[in-house]
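Worksheet: the structure to be examined is printed underneath.
Chain A is the first sequence line, chain B the second, and so forth, proteins listed ahead of strands; every chain is numbered from 1.
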Number of protein chains: 2
Amino acid sequence: MALDALILGLLDLRPMTGYDLKKAFDGTVAHFWSADQSQIYRTLARLEQDGLVDVRVVPQAGKPDRREHRLTDGGRARLTEWLRSPLPDEKPREPFLGKLFFVGREEDPELVQALLAERRNAARRLLATLENLPVVDGDLSARLRSATLRKGILEVQAELTWLDELEAAL
Amino acid sequence: MALDALILGLLDLRPMTGYDLKKAFDGTVAHFWSADQSQIYRTLARLEQDGLVDVRVVPQAGKPDRREHRLTDGGRARLTEWLRSPLPDEKPREPFLGKLFFVGREEDPELVQALLAERRNAARRLLATLENLPVVDGDLSARLRSATLRKGILEVQAELTWLDELEAAL
DNA sequence: CACCGCATGTAAAACGTTACATGATTCA
DNA sequence: TGAATCATGTAACGTTTTACATGCGGTG
């Protein structure tokens with residue numbers, strides 16, 4: 001499962017609590033994956049059971065104890081295995097395009113405009129978010145991470161261009 | 001659920017069997033949605049139970065009867081409702097970017113090359129598929145459908161460009 | 001005999017929503 | 001002072017998706 005591997009990958013960067021992971025999903029990797037809290041905690045529990053991570057409880061003053069998860073050797077092996085496995089087929093899921101594909105039947109040009117406008121707003125918000133994520137320049141790892149971000153940005157920009165073109169054509 | 005709505009949308013174009021729908025998912029709408037057979041049949045059964053589609057059995061010579069599904073008034077209403085509902089948040093799921101994000105830890109430039117090459121092949125195949133899909137020019141509906149396809153094509157092309165750039169930079 | 005057209009069934013894995021709990025701290 | 005937010009986590013329940021297997025009557 002990809003979520004397993006992504007969690008392992010994040011924990012390989014540094015040990016984290018479930019809470020930390022949630023923030024990582026909402027920040028660093030938001031442009032290619034999302035996961036909600038309960039999903040993260042459940043997965044973490046399973047990874048622990050499977051011996052891929054272990055937990056160290058770190059007391060804090062004035063805050064709940066941190067349950068820090070870190071990779072075991074088995075976890076590192078699992079991550080490597082995933083990185084070397086073939087890519088799964090993509091299965092796109094784009095509700096926006098789904099709507100656009102069928103919205104013509106409503107015979108309502110304003111509805112089309114509204115749909116495009118809604119999407120444009122979402123795209124702009126996303127672009128702003130991505131542009132605020134830190135770009136670090138450094139070794140191979142850092143450059144690859146930046147590249148994933150760059151791809152996200154290019155994609156949103158391409159979408160905005162496409163929207164311009166489409167709105168002009170209608 | 002979006003799959004419900006997409007099936008309703010397709011059936012609104014013309015009545016279809018589950019089998020026809022599967023082909024539609026693998027062809028016409030492949031660039032923004034995928035569904036497997038069992039999922040389609042199960043969903044059709046549910047839609048029928050809910051009174052959103054009904055079935056007419058059409059005998060054929062030398063082949064199993066066709067179970068043609070067509071929209072009821074309720075089904076059309078449901079489709080309209082979906083088309084007018086707000087867009088859900090996107091939750092990206094891109095295993096490729098996930099791997100790229102973490103693959104640096106393997107300290108293996110060849111592995112990176114292989115990953116990019118694998119992706120490039122997939123992108124090229126996808127581009128070929130999309131370019132072979134028919135583009136119809138006509139009324140609003142037709143133009144919107146072409147636009148979804150155009151977006152798919154632009155996206156893959158942007159990805160190929162990004163791959164060029166990235167490979168050159170490494 | 002393999003494949004097409006057409007479907008059914010079942011189980012497991014994955015994902016999401018909602019609610020709850022607790023002790024700081026910050027902000028109006 | 002009271003409300004909101006942060007930091008951390010648990011739990012129950014429901015929905016979605018995936019994977020895989022099976023059946024049957026043609027046709028080339």
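Defined by atom type and a distance below 3.5 Å, a donor-acceptor pair is present between the side-chain atoms of B:Asp20 and B:Thr17. A donor atom on one side chain and an acceptor atom on the other are found under 3.5 Å apart for A:Arg42 and A:Ser38.
Atom pair A:Arg66:CZ and C:dT22:P shows a separation of 22 Å (rounding to whole Å applied). Atom C1' of nucleotide D:dG9 and atom CD of A:Glu48 are separated by 14 Å, given to the nearest angstrom. Regarding B:Tyr41, its OH atom lies at a distance of 19 Å from the P atom of D:dA21, rounded to whole Å. Look at CH2 on A:Trp33: it is 11 Å from P on C:dA14, rounded to the nearest Å. In this structure, the NZ atom of B:Lys23 is 5 Å from the P atom of C:dG5, given to the nearest Å. When rounded to the nearest whole Å, the span between CG of B:Leu6 and P of D:dT17 equals 11 Å. One atom, CG of B:Asp36, and another, C1' of C:dT8, lie 13 Å apart when rounded to the nearest Å. In this structure, B:Leu44 atom CG and C:dC6 atom C1' are separated by 12 Å, rounded to whole Å.
OP1 or OP2 of C:dC15 has at least one side-chain nitrogen or oxygen of A:Gln39 nearer than 4.0 Å. At D:dT18, one or more side-chain N or O atoms of A:Lys91 fall inside 4.0 Å of OP1 or OP2 (strictly under the cut-off). The phosphate of D:dG9 (OP1 or OP2) has a side-chain N or O of A:Thr17 nearer than 4.0 angstrom. Residue A:Arg93 places at least one side-chain N or O closer than 4.0 Å to OP1 or OP2 of D:dT18. Contact annotation: B:Arg42 does not reach the phosphate of C:dT10 (side-chain N/O to OP1 or OP2, under 4.0 Å).
No contact: B:Arg46 has no heavy atom under 4.0 Å from any strand. Using a 4.0 Å heavy-atom distance criterion, A:Asp20 is classed as a sugar-phosphate-only contact. Among the protein residues, B:Leu3 comes within range of no part of the nucleic acid, since none of its heavy atoms lies under 4.0 Å from any strand. A:Gln60 comes within 4.0 angstrom of the backbone, heavy atoms only, and of no base. Across all strands shown, B:Ser38 has heavy atoms under 4.0 Å from base atoms, whether or not it also approaches the sugar-phosphate.
Salt bridge A:Asp73/A:Arg76: present, at least one basic N to carboxylate O contact under 4.0 Å.
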Side chain to side chain contact (heavy atoms under 4.5 Å, CB included) assessment of B:Tyr41 paired with B:Lys22: CA-CA 9 Å; B:Tyr41 283 107; B:Lys22 176 57 178 158; over 6 Å; no
Step by step, work out the side chain to side chain contact (heavy atoms under 4.5 Å, CB included) result for B:Trp33 and A:Glu94. CA-CA 6 Å; B:Trp33 210 271; A:Glu94 301 196 39; 5.5 Å; no
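Among C:dA7, C:dG5, C:dA19, the nucleotide with an atom closest to any side-chain atom of B:Gln37 is C:dA7.
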